[in-house]
> 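After the structure tokens below, expect a handful of questions from me.
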Amino acid sequence: MNEKQRKELNNQIKQVNPADVKSDQDNLERLKQKTSEDFVKYFQTTYEPPNINKARKRKREEVKYFNDFEIPEELQGFGNGKKFLMRTYGCQMNEHDSEVMSGIFTELGYEATLDQEEADVILLNTCAIRENAENKVFGELGHLKALKREKPGLIIGVCGCMSQEESVVNKILAKHQHVDLIFGTHNIHRLPHLLKEAMFGKEMVVEVWSKEGDIIENLPKSRQGKTKAWVNIMYGCDKFCTYCIVPMTRGIERSRRPDDIIQEVRHLAAQGYKEVTLLGQNVNAYGKDLEDIEYGLGDLMDEIRKIDIPRVRFTTSHPRDFDDRLIEVLAKGGNLMPYIHLPVQSGSTEVLKKMNRKYTREEYLELVRKIKKAIPHAALTTDIIVGFPNETDEQFEETMTLYEEVGFESAYTFIYSPREGTPAAKKKDDVPMDVKKKRLHRLNELVNQSSNDALKKYEGRVVEVLVEGESKNNPEVLAGYTPENKLVNFRAPKSAIGQIVKVKVVKAKTWTLDGEMVEEAVEVK
Ligand code: SAM
Ligand code: SF4
């Protein structure tokens with residue numbers, strides 16, 4: 001969608017006439033009358049189902065950058081006296097999108113709530129990466145049905161990656177007609193208009209763009225904390241791993257301009273944030289689409305490390321684009337944290353090929369060798385999928401040996417989940433589920449053991465911890481992370497929250513460290 005189309009869409013909205021505001025009784029009637037045929041005609045104009053062949057052929061249209069987001073005059077104060085509840089599923093990208101949508105709600109005058117009983121709008125920001133993520137959302141929609149019956153004026157919305165899938169939209173249309181609003185990942189900035197349509201329109205509002213939108217720089221953000229902040233550096237993914245739905249739900253890779261990112265990080269530093277995490281589905285591809293400059297993630301990190309903010313992280317890396325320039329910059333240390341999450345997915349070259357990861361086992365190991373040589377104290381973690389279609393015992397064993405060879409300190413492990421519209425989902429699979437589960441169990445035992453071994457090395461050492469808040473299980477205990485991203489629990493005065501303090505590690509558990517604070521408020525160079 002280009003600027004002209006975006007403006008046209010915005011202008012389609014009529015002025016609000018208070019007389020149009022429907023009563024709860026009207027809403028009830030509207031619900032009873034809805035049939036899915038009513039909606040089909042609507043979403044066919046804006047919706048195209050995921051299609052890998054089309055997605056692969058997509059052309060890089062010029063990405064346009066805008067700074068013109070504003071709440072239209074007729075919607076100012078639209079949310080005054082009302083409350084919204086946002087539920088977020090999935091990755092950091094979704095977390096950050098929710099911060100943006102919360103910012104828009106706040107600008108409209110809404111107040112945030114965690115209590116669904118008092119919410120006027122409930123928005124589910126969904127994840128499509130695995131089937132169980134989707135099942136959770138459908139379960140939640142089921143629960144919300146009763147609430148909608150009690151409060152017909154409540155607006156229930158579904159957004160995020162699941163909304164980009166045709167099968168999901170169809171299922172909502174068929175089985176969850178109490179949903180008022182569905183929109184996707186490319187039109188978050190349209191939230192004010194969509195809310196208004198959902199509130200005053202006669203039909204379920206479905207607006208999903210199959211083409212990625214422009215980059216709008218000045219969207220408001222209600223950040224979750226005052227210590228750590230997410231900063232998007234790019235959107236979308238062009239890697240087309242054969243199991244993955246992301247290139248279809250998030251669109252083509254689009255990088256933000258370096259100046260805009262640097263300005264955002266500077267602003268966060270000035271506001272007192274202690275840590276930023278640069279975000280993208282594949283951050284190492286940052287800058288490849290910027291046609292007027294030769295500029296990559298290494299160059300960006302080299303500039304950001306000069307900003308006076310104590311900690312800088314980035315996620316997620318793809319091994320294929322992890323270049324020497326980035327390694328050279330990360331080796332400079334300072335505020336660039338010695339922690340690299342480098343998803344490998346499998347230790348078998350044959351499986352990697354079927355996954356379309358575009359690197360071999362040996363190439364991955366070579367990259368790890370280079371990283372370790374340049375940054376010997378870096379902690380490496382990874383993502384692994386077990387039970388990819390037709391994965392043999394031998395191929396799984398290669399994953400186990402690779403894990404040990406690299407010496408990963410932790411991993412997110414998943415059983416392969418077929419995703420409709422992806423090439424892998426079309427493959428016949430001869431690996432029974434109980435075999436996949438056994439493999440996952442074995443892998444997890446290795447992951448747990450390696451995590452504990454890695455943490456044991458910290459016993460007796462003094463580490464710098466960025467204190468995030470009280471521990472979930474005990475408000476007397478504070479919790480925070482080391483530069484290597486290890487979670488540390490320790491007793492300290494609440495004044496330490498938001499500070500970087502020195503903590504002596506007394507005990508290593510499987511996933512966390514216990515410690516004692518030795519010095520408050522470390523001077524950060
Ligand atoms: N862009 C990152 C990368 O290339 O590794 C990861 C993005 S994805 C949100 C996070 C992880 O989910 C992936 O690394 C992969 O391990 C896992 N994943 C993605 N699709 C999956 C599927 N169909 N089944 C199981 N796990 C999947
Ligand atoms: Fe999905 Fe990551 Fe592969 Fe992109 S690089 S297709 S997000 S797993």
Side-chain angles (χ1 to χ4, degrees), residues 50 52 55-56 58 88-97 125-135 160-162 164-165 185 212 230 232-254 277-286 288 297 314-322 340-347 351-359 364 367 380-389 391 399 402-403 408 410-427 429 431 433 436-437 439-440 443-444 447:
I52 186 92
R56 274 182 195 285
R58 64 194 174 194
T88 311
Y89 302 80
C91 66
Q92 299 95 333
M93 198 71 72
N94 268 15
E95 295 281 347
H96 189 44
D97 283 350
N125 186 8
T126 63
C127 169
I129 202 86
R130 282 171 292 277
E131 197 184 355
N132 57 1
E134 296 199 352
N135 289 344
C161 289
M162 278 172 71
Q164 297 287 146
E165 294 179 277
T185 55
E212 46 282 331
W230 308 114
N232 263 128
I233 63 168
M234 61 185 302
Y235 305 91
C237 179
D238 282 354
K239 287 286 167 287
F240 294 104
C241 302
T242 54
Y243 51 80
C244 186
I245 192 89
V246 169
M248 283 158 278
T249 61
R250 291 270 172 184
I252 202 166
E253 283 171 1
R254 288 104 69 208
T277 301
L278 308 182
L279 276 188
Q281 289 299 343
N282 168 20
V283 282
N284 309 77
Y286 174 75
K288 287 189 165 184
L297 182 63
F314 59 99
T315 199
T316 300
S317 283
H318 191 296
R320 185 168 177 230
D321 293 321
F322 208 112
I340 297 170
H341 184 66
L342 192 60
V344 65
Q345 313 299 357
S346 167
V351 174
L352 289 170
K353 189 155 189 236
K354 287 186 189 162
M355 289 178 163
N356 194 31
R357 290 292 287 181
K358 300 213 168 77
Y359 53 83
Y364 186 91
L367 173 61
L380 284 173
T381 60
T382 196
D383 289 351
I384 293 175
I385 297 177
V386 302
F388 189 74
E391 180 191 59
T399 298
L402 178 111
Y403 196 92
F408 288 118
S410 185
Y412 295 106
T413 58
F414 312 100
I415 289 188
Y416 165 73
S417 171
R419 304 284 63 217
E420 196 181 319
T422 60
K426 297 188 188 93
K427 293 268 175 272
D429 186 1
V431 190
M433 187 45 88
K436 296 188 187 208
K437 284 189 179 157
R439 286 180 190 165
L440 182 70
L443 176 61
N444 282 345
V447 170

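Note that the numbering runs from 1 along the sequence shown for the chain. As the structure lists them, so they are numbered: ligands from 1, and atoms in each ligand from 1. Fair warning: this is a prediction, and the values are worked out from it, not measured in the lab.
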> Given side chains that start at C-beta, do those of Tyr403 and Thr382 come closer than 4.5 Å, heavy atoms only?
yes
> Would you indicate whether the side-chain heavy atoms of Val431 and Tyr416 approach each other to under 4.5 Å?
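They are not in contact (no side-chain heavy atoms under 4.5 Å apart), so the answer is no.
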> Could you tell me whether the side chain of Ile233 reaches within less than 4.5 Å of the side chain of Phe314, counting heavy atoms only?
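Side-chain contact under 4.5 Å: no.
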> In the structure I gave you, are the side-chain heavy atoms of Glu134 and Thr126 within less than 4.5 Å of one another anywhere?
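The answer is no, as the side chains (C-beta and beyond) never meet within the 4.5 Å cut-off.
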> Side chains of Val351 and Gln345: does their closest heavy-atom pair fall under 4.5 Å?
no
> In the structure I gave you, are the side-chain heavy atoms of Thr242 and Lys354 within less than 4.5 Å of one another anywhere?
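Heavy-atom side-chain distance check fails, nothing below 4.5 Å.
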> Does some non-hydrogen atom of Ile245 fall short of 4.0 Å from ligand 1?
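Ile245: no contact with ligand 1 (<4.0 Å).
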> Any N or O on Arg357 sitting closer than 3.5 Å to an N or O of ligand 1?
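Yes: some nitrogen or oxygen of Arg357 is under 3.5 Å from one in ligand 1.
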> Tell me, which protein residue and heavy-atom name are nearest atom 8 (S) of ligand 2, and how many Å apart are they?
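The answer is Tyr243 OH, 3.4 Å.
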> Taking only heavy atoms of Pro247 into account, list the atoms of ligand 2 that are under 4.0 Å away from them.
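Answer, ordered by atom number: 6 (S).
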> Under 3.5 Å, is there a donor-acceptor pair between the Thr88 and Asn125 side chains?
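Result is no, nothing qualifies.
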> Is Tyr416 close to ligand 1, meaning an N/O of one under 3.5 Å from an N/O of the other?
no
> Answer yes or no for Cys244: is there an N/O/S atom below the 2.8 Å cut-off from atom 1 (Fe) of ligand 2?
yes
> So for ligand 1, is Gln281 a polar contact partner (N or O within less than 3.5 Å, distance only)?
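Right, the criterion is met.
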> Would you mind telling me if ligand 1 is within reach of the side chain of Ser417, the backbone, both or neither, using heavy atoms under 4.0 Å?
both
> Which distance, rounded to the nearest 0.5 Å, do you find between the CE of Met234 and the CD1 of Ile252?
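The CE atom of Met234 sits 10.5 Å away from the CD1 atom of Ile252.
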> Closest non-hydrogen protein atom to atom 20 (N) of ligand 1, residue and atom name please, with distance?
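Heavy-atom neighbour on the protein nearest atom 20 (N) of ligand 1: Tyr243 CD1, 3.3 Å.
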> N/O to N/O below 3.5 Å, does that happen between Arg130 and ligand 1?
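Min N/O separation from ligand 1 is below 3.5 Å for Arg130.
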> With heavy-atom distances below 4.5 Å as the criterion, would you say the side chains of Thr277 and Gln92 are in contact?
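Heavy-atom side-chain distance check fails, nothing below 4.5 Å.
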> Can you tell me which residue and heavy atom of the protein come closest to atom 4 (Fe) of ligand 2, and the distance to 0.1 Å?
Cys237 SG, 2.2 Å
> Could you see which bit of Ile129 sits under 4.0 Å from ligand 1, with heavy atoms only: side chain, backbone, both or neither?
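The part of Ile129 near ligand 1 is both the backbone and the side chain.
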> So for Asn282, does at least one of its heavy atoms come nearer than 4.0 angstrom to any atom of ligand 1?
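No; Asn282 lies far enough from ligand 1 that no heavy-atom distance drops under 4.0 Å.
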> Which bit of Val246 is near ligand 2, meaning a heavy atom under 4.0 Å away: side chain, backbone, both or neither?
side chain
> Over 60° means perpendicular and under 30° means parallel, so tell me whether His341 and Tyr412 are parallel, tilted or perpendicular.
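Plane angle over 60°, so perpendicular.
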> How long is the span from the CG atom in Asn94 to the OG1 atom in Thr185, to the nearest 0.5 Å?
9.0 Å
> May I ask you to check if any N/O/S atom from His318 comes under 2.8 Å of atom 4 (Fe) of ligand 2?
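Looking at His318, which is the residue asked about, there is no N, O or S atom under 2.8 Å from atom 4 (Fe) of ligand 2.
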> What part of Ile415, side chain from CB on, backbone N/CA/C/O, both or neither, has a heavy atom under 4.0 Å from ligand 1?
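For Ile415, the contact with ligand 1 is made by the backbone alone.
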> Should Arg357 be listed as contacting ligand 2, given a heavy-atom distance under 4.0 Å as the test?
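Yes, that is the case, since the closest heavy atom of the residue is under 4.0 Å from the ligand.
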> I need the contact type for Gln92 against ligand 1. Using non-hydrogen atoms and a strict under-4.0 Å cut-off, is it side chain, backbone, both or neither?
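No part of Gln92 comes within reach of ligand 1.
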> Report yes if some N/O of Arg419 lies less than 3.5 Å from some N/O of ligand 1; otherwise report no.
no
> For Cys241, which part has a heavy atom under 4.0 Å from ligand 2: side chain, backbone, both, or neither?
both
> Is the closest side-chain donor-acceptor distance between Tyr243 and Arg357 under 3.5 Å?
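Per modelled atom types, Tyr243 and Arg357 side chains form a pair under 3.5 Å.
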> Using a strict cut-off of 4.0 Å, indicate which atoms of ligand 1 neighbour a heavy atom of Gln345.
5 (O), 13 (C), 14 (O), 15 (C), 16 (O)
> Against heavy atoms of Ile385, which atoms of ligand 1 measure under 4.0 Å?
15 (C), 16 (O), 18 (N), 26 (N), 27 (C)
> May I ask you to identify the nearest protein heavy atom to atom 11 (C) of ligand 1, giving residue, atom name and distance to one decimal place in Å?
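It is Asp383 OD2, 3.4 Å.
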> Checking contacts here: is it the side chain or the backbone of Phe414 that comes within 4.0 Å of ligand 1, counting heavy atoms only? Could be both or neither.
side chain
> Can you spot which of Asp321, Asn356, Val246 makes a side-chain contact (heavy atoms from CB on, under 4.5 Å) with Lys239?
Asp321
> Parallel, tilted or perpendicular: which describes the rings of Tyr359 and His318, with under 30° parallel and over 60° perpendicular?
perpendicular
> List every atom of ligand 1 that sits less than 4.0 Å from any heavy atom of Pro343, numbering the atoms from 1 in the order shown and giving each element.
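Answer for ligand 1: 5 (O).
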> State, with a plain yes or no, whether a side-chain heavy atom of Thr399 is found less than 4.5 Å away from one of Arg439.
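Side chain of Thr399 against side chain of Arg439, heavy atoms only: no contact under 4.5 Å found.
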